[in-house]
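One structure is given below, encoded as structure tokens.
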Number of protein chains: 2
Amino acid sequence: MFSKTSQYTLRALVYILLENSKGRNPGFREIAREIDSPAEFTGKILQDLARKKIVSSAKGKHGGFFLTEAQRQISLRTIIEHIEGENIFQSCGFGLKYCDAANPCPLHEEYATIREQLQQYMNSHTISHLAFQTDGQRIYLKREAL
Amino acid sequence: MFSKTSQYTLRALVYILLENSKGRNPGFREIAREIDSPAEFTGKILQDLARKKIVSSAKGKHGGFFLTEAQRQISLRTIIEHIEGENIFQSCGFGLKYCDAANPCPLHEEYATIREQLQQYMNSHTISHLAFQTDGQRIYLKREAL
DNA sequence: TTTAAAAAAGACATTAATATCTTTTTAAAA
DNA sequence: TTTTAAAAAGATATTAATGTCTTTTTTAAA
Ligand code: FES
Ligand code: FES
């Protein structure tokens, strides 16, 4: 469904926010350890996200990653679109050059519905929503193998 | 969402079934032309599917691809699982090693719902359903660029 | 029985995604 | 002002997905 890059991104940002709320700005090695992702690759991803102003970073001693108040308002949709491309929530599930409800592919009915649902969710939720679930249930950012 | 391979597969199988129902067994070059996919790559995909008994083929003059009655009953789910792997409809959207509703990732609630919906659809539909839509609307297997 | 047309097989090429390693820049603290 | 710890940058490596090309096998028809 989502690429590894998107998955590492979401996990990393949730971890960053959770640590920020404890007053800490974690570095990429710590982040990678805590979300179980390859450290250098995670560093690269965060570098990209910082360039795109989706996350903030501080260099030097006591540096690390953090989310400003404004960045905490960015929708998951915007974040994912930065990674997967602008039209991830518009493209045809069957692989046609574009999705056209008036001239649909055989999957359109079902696919467009699901795509729309996902898009709605991503559009109305943020990293904060992921990090601080309303039901207060403990959430997991990594998992041991079976 | 789905890989190119899955998309070419679905488009090719729908085209094959439509032609079969006209009494023809198309070859991979024709198929590729009609679904706008790379010909040799499509040939390879069909070769794989034939090995997996998802499609049938005849070699030699007047050869080509076709779906037997039994093959027309295979669910989209089975077809997609052959390509994307057995656990495509069970895996965690957040990238955790496995999905566990009792110890959920922050996306679980929404993702599992959507995943289940898609799985239900794929499980209860076949290439025949795609090829012969109930509403009789014309369906498209390729599309000119905008 | 030869020829033609088709899929199958195998080898190879390209591209995109994922991953690692090294050097440079920056900033705080000692 | 030197040291240290961090991100940024750049170079490179690996793997997986996608795509192409050539040869072999098979079958039907001429
Ligand atoms: S036309 Fe294929 S999903 Fe809309
Ligand atoms: S635990 Fe992540 S989708 Fe279920």
Side-chain angles (χ1 to χ4, degrees), chain A residues 1-13 15-16 19-20 24-68 71 80 82-85 88 91 95, chain B residues 1-13 15-16 19-20 24-33 35-68 71 80 82-85 88 95:
Chain A
M1 183 73 134
F2 295 124
S3 65
K4 296 259 180 83
T5 300
S6 288
Q7 295 178 336
Y8 297 157
T9 292
L10 295 176
R11 302 218 298 277
L13 293 179
Y15 180 75
I16 290 167
E19 291 307 304
N20 288 174
R24 308 184 54 250
N25 294 351
F28 73 86
R29 283 164 208 289
E30 170 187 337
I31 294 166
R33 181 169 11 94
E34 296 304 321
I35 69 170
D36 190 20
S37 64
E40 308 297 326
F41 189 49
T42 303
K44 276 293 178 212
I45 290 171
L46 289 169
Q47 210 176 290
D48 284 2
L49 294 172
R51 234 181 274 115
K52 289 171 175 168
K53 312 290 187 197
I54 286 170
V55 74
S56 301
S57 63
K59 284 173 112 172
K61 206 162 186 175
H62 291 203
F65 292 92
F66 61 97
L67 290 162
T68 64
Q71 286 169 335
I80 294 298
H82 265 287
I83 298 162
E84 308 279 349
I88 168 107
S91 60
Chain B
M1 183 71 135
F2 294 124
S3 65
K4 295 263 178 80
T5 300
S6 288
Q7 295 178 335
Y8 297 157
T9 293
L10 294 177
R11 302 219 298 276
L13 293 178
Y15 180 75
I16 290 167
E19 291 307 304
N20 287 174
R24 308 183 56 249
N25 294 349
F28 74 86
R29 283 163 209 289
E30 170 187 336
I31 295 166
R33 181 169 11 93
I35 69 170
D36 191 19
S37 63
E40 307 298 326
F41 189 50
T42 304
K44 277 293 178 212
I45 290 170
L46 289 169
Q47 211 177 289
D48 284 2
L49 294 172
R51 234 180 276 115
K52 290 173 174 167
K53 312 291 188 196
I54 285 171
V55 74
S56 302
S57 63
K59 285 172 110 171
K61 208 161 186 174
H62 290 207
F65 292 92
F66 60 98
L67 290 162
T68 64
Q71 287 169 337
I80 293 298
H82 265 288
I83 299 163
E84 308 277 349
I88 168 110

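Lettering of chains follows the sequences in order, A, B, ..., and the numbering in each one begins at 1. Source: prediction; values computed, not measured.
Residues B:Arg29 and B:Glu40 are paired through a salt bridge, judged by an N-O separation under 4.0 Å between the basic side chain and the carboxylate.
Between the CD atom of A:Gln47 and the P atom of C:dT20 there is a distance of 16 Å, given to the nearest Å. The CD atom of A:Glu40 sits 6 Å away from the C1' atom of C:dT20 (whole-angstrom rounding). Here D:dA9 presents its C1' atom at 12 Å from CZ of A:Phe28, a figure rounded to the nearest Å. One interatomic measurement links the two molecules: NZ of A:Lys59 to P of D:dT3, which rounds to 21 Å at whole-angstrom precision. With rounding to whole Å, B:Asp48 atom CG is found 11 Å from C:dA8 atom C1'. The separation between A:Lys61 atom NZ and C:dT26 atom P is 19 Å, rounded to whole Å. For A:Asn25 and D:dA7, the CG to C1' distance is 12 Å, given to the nearest whole Å. In this structure, B:Asp36 atom CG and D:dT18 atom C1' are separated by 15 Å, rounded to whole Å.
Looking at the side chain of B:Lys4, the nearest of the listed nucleotides C:dA7, D:dT18, D:dA7 is D:dT18. You'll find that the side chain of A:Lys44 is closest to D:dA9, out of D:dA9, C:dA28, C:dA8.
Note on B:Arg51: a side-chain N or O is less than 4.0 Å away from OP1 or OP2 of C:dA9. When the side-chain nitrogen and oxygen atoms of B:Tyr8 are compared with OP1 and OP2 of D:dT18, none of them lie within a distance under 4.0 Å. Distances shorter than 4.0 Å separate none of the side-chain N or O atoms of B:Ser57 from OP1 or OP2 on C:dA6.
The nearest heavy atom of DNA chain C to A:Ser3 and to B:Gly60 marks one nucleotide each, and the one closer to the 5' end goes with B:Gly60. The 5' end of DNA chain C is approached more closely, in terms of each residue's nearest nucleotide, by A:Thr5 than by the other of A:Thr5 and A:His62.
No contact: A:Ala39 has no heavy atom under 4.0 Å from any strand. Nucleic acid contact class of B:Arg29 (heavy atoms, under 4.0 Å, all strands): none. Among the heavy atoms of the strands, none lies under 4.0 Å from A:Gly43.
Inter-residue side-chain proximity for A:Glu30 and A:Tyr15 is flagged as met; some heavy-atom pair is nearer than 4.5 Å. By the 4.5 Å heavy-atom criterion applied to side chains, B:Ile54 and B:Leu13 are counted as neighbours.
A donor-acceptor pair under 3.5 Å links the side-chain atoms of A:Glu84 to the main chain of A:Ser3, judged by distance alone.
D:dA30 and C:dT1 make up a base pair, with Watson-Crick or G-U wobble contacts both under 3.5 Å. Pair check for C:dA9 finds D:dT22; Watson-Crick or G-U wobble, both atom distances under 3.5 Å.
Atom-to-atom distance recorded for B:Arg33:CZ and B:Ile31:CD1 is 10.0 Å, nearest 0.5 angstrom.
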